[in-house]
Amino acid sequence: AIPKVRVQESDSKNVSEAYGQGNITLQKNFIRLISIDPGYISEIRQYRSEFRHPVYSRIYSVMENIYDEDSDLDMRKVDDTLSADYPHEAAALRDILDNVAIDPENGDMVLAQNIASIKKDNLKKKKKELERQIMQQEGSPNRSKEDDALLDALYVELMQIEIELQKTR
């Protein structure tokens, strides 16, 4: 059996998402994973847009730039760069390194769980948008056959998303 790794969901996640700063726990996990194994940058890079909080976005950018320049990641160089230009971010990085506990042997699993969380959140957003479009189409007083065909297509897509969401539970 694969051991479950508990990824803590903090109250700050909801508050930060409400302010457009994204999932703080996920951003911290990604930074911690990169500090454990810089090779994770290649997988995390495609989720760059998840770094919405300015502090964590800056930390990630510095890590990515140093990795791209050196083909490796020296955490001392990351800390020095942040300390020189962004002391608040340097303190945040040290906090992540000290307090985000990820067993290096479980790094792949933690990465997979975080990516699954992103995909699930994206499906939920898509579902919400489809429901909005369906309500708009259903509320149209003079629907044409084309409108009905579009409504049917929206329902099919909504059902597919609901099936995908069921798989994630």
Side-chain angles (χ1 to χ4, degrees), residues 2-133 157 160-161 164-165 167-169:
I2 297 175
K4 292 272 184 188
V5 175
R6 189 165 168 261
V7 177
Q8 292 186 354
E9 296 295 325
S10 66
D11 292 336
S12 65
K13 172 187 174 189
N14 297 332
V15 172
S16 296
E17 285 184 310
Y19 289 103
Q21 296 177 345
N23 181 334
I24 298 300
T25 302
L26 179 124
Q27 293 172 69
K28 288 180 175 183
N29 284 343
F30 276 176
I31 289 168
R32 184 67 178 115
L33 283 167
I34 293 167
S35 75
I36 292 169
D37 181 354
Y40 285 121
I41 286 181
S42 62
E43 295 174 70
I44 292 171
R45 194 180 303 251
Q46 64 185 313
Y47 301 102
R48 170 80 173 91
S49 63
E50 295 299 319
F51 288 95
R52 291 188 213 123
H53 189 286
V55 169
Y56 304 120
S57 177
R58 204 166 290 119
I59 292 170
Y60 173 77
S61 292
V62 167
M63 293 173 91
E64 186 179 45
N65 290 339
I66 290 172
Y67 180 80
D68 288 346
E69 288 172 7
D70 300 344
S71 299
D72 196 12
L73 189 64
D74 177 353
M75 290 306 294
R76 184 174 309 281
K77 187 173 181 179
V78 172
D79 185 56
D80 290 347
T81 302
L82 288 171
S83 294
D85 299 328
Y86 309 104
H88 184 70
E89 285 77 351
L93 175 61
R94 285 190 286 280
D95 179 65
I96 291 168
L97 297 177
D98 291 342
N99 296 308
V100 176
I102 296 176
D103 182 346
E105 292 183 18
N106 293 329
D108 290 344
M109 190 176 1
V110 173
L111 179 65
Q113 287 176 342
N114 280 273
I115 290 171
S117 173
I118 292 168
K119 290 178 179 178
K120 185 175 181 178
D121 288 347
N122 289 341
L123 284 171
K124 286 179 180 179
K125 288 175 190 171
K126 180 69 174 172
K127 178 182 176 185
K128 194 173 191 173
E129 175 59 22
L130 285 171
E131 289 170 341
R132 186 194 65 73
Q133 290 177 4
E157 190 174 353
Q160 291 170 335
I161 287 175
E164 287 300 313
L165 283 170
K167 290 178 186 177
T168 64
R169 292 188 179 135

With sequence neighbours left out, what residues match [X] under side-chain hydrogen bond (donor to acceptor under 3.5 Å, both in side chains)?
X: Asp80; result: none
X: Lys125; result: none
X: Ser83; result: none
X: Lys126; result: Glu157

Check salt bridge (Lys or Arg N to Asp or Glu O under 4.0 Å) between [X] and all other residues, then give those that pass, not counting sequence neighbours.
X: Asp70; result: Lys77
X: Glu164; result: Lys167
X: Lys124; result: none
X: Arg32; result: none

**OP:** Please report the closest heavy-atom contact between Gly107 and Ile102, naming both atoms and the distance.
**Re:**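 Taking Gly107 first and Ile102 second, the nearest heavy atoms are CA-CG2, 4.4 Å.
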Original post:
Between Leu97 and Ser35, what is the shortest heavy-atom contact and its length?
Top reply: CD2-OG, 3.3 Å
Original post:
Which residue pairs satisfy the salt bridge (charged side-chain N to carboxylate O under 4.0 Å, His left out) criterion with at least one member in residues 34-45, sequence neighbours excluded?
Top reply: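 Qualifying pairs, neighbours excluded: Arg45-Glu64, Arg45-Asp68.
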Subject >> Pairs involving residues 91-106, ordered by first then second residue, that meet salt bridge (charged side-chain N to carboxylate O under 4.0 Å, His left out) (sequence neighbours left out) >> reply: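 Counting only pairs at least two positions apart or across chains, the salt bridge (charged side-chain N to carboxylate O under 4.0 Å, His left out) contacts touching residues 91-106 are Asp79-Arg94.
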Distance from [X] atom [atom1] to [Y] atom [atom2], nearest 0.5 Å?
X: His53; Y: Asn23; atom1: NE2; atom2: CG; answer: 12.0 Å
X: Leu73; Y: Ile41; atom1: CG; atom2: CD1; answer: 5.5 Å
X: Ile96; Y: Leu33; atom1: CD1; atom2: CG; answer: 11.0 Å
X: Ser61; Y: Arg48; atom1: OG; atom2: CZ; answer: 3.5 Å
X: Leu93; Y: Ile59; atom1: CG; atom2: CD1; answer: 5.0 Å
X: Asn114; Y: Asn29; atom1: CG; atom2: CG; answer: 4.5 Å

Original post:
Is it true that Glu129 and Arg132 make a salt bridge, defined as a side-chain N closer than 4.0 Å to a carboxylate O?
Top reply: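 Answer for the salt bridge query: yes.
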Original post:
Is Glu50 salt-bridged to Arg52, going by a charged N under 4.0 Å from an acidic O?
Top reply: yes
Subject >> Within-4.5 Å side-chain heavy-atom neighbours: Lys119 and Asn122 >> reply: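 Heavy-atom side-chain distance check fails, nothing below 4.5 Å.
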Subject >> Validation row: Asn99, Lys28 side chains within 4.5 angstrom (heavy atoms) >> reply: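 Not in contact.
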Subject >> Aromatic ring pairing Tyr60/Phe51, orientation class (parallel under 30°, perpendicular over 60°, tilted between) >> reply: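 Plane angle under 30°, so parallel.
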Original post:
Applying ring pair (Phe, Tyr, Trp, His ring centres under 6.0 Å), which residue pairs with at least one partner in residues 64-98 are found, sequence neighbours left out?
Top reply: none
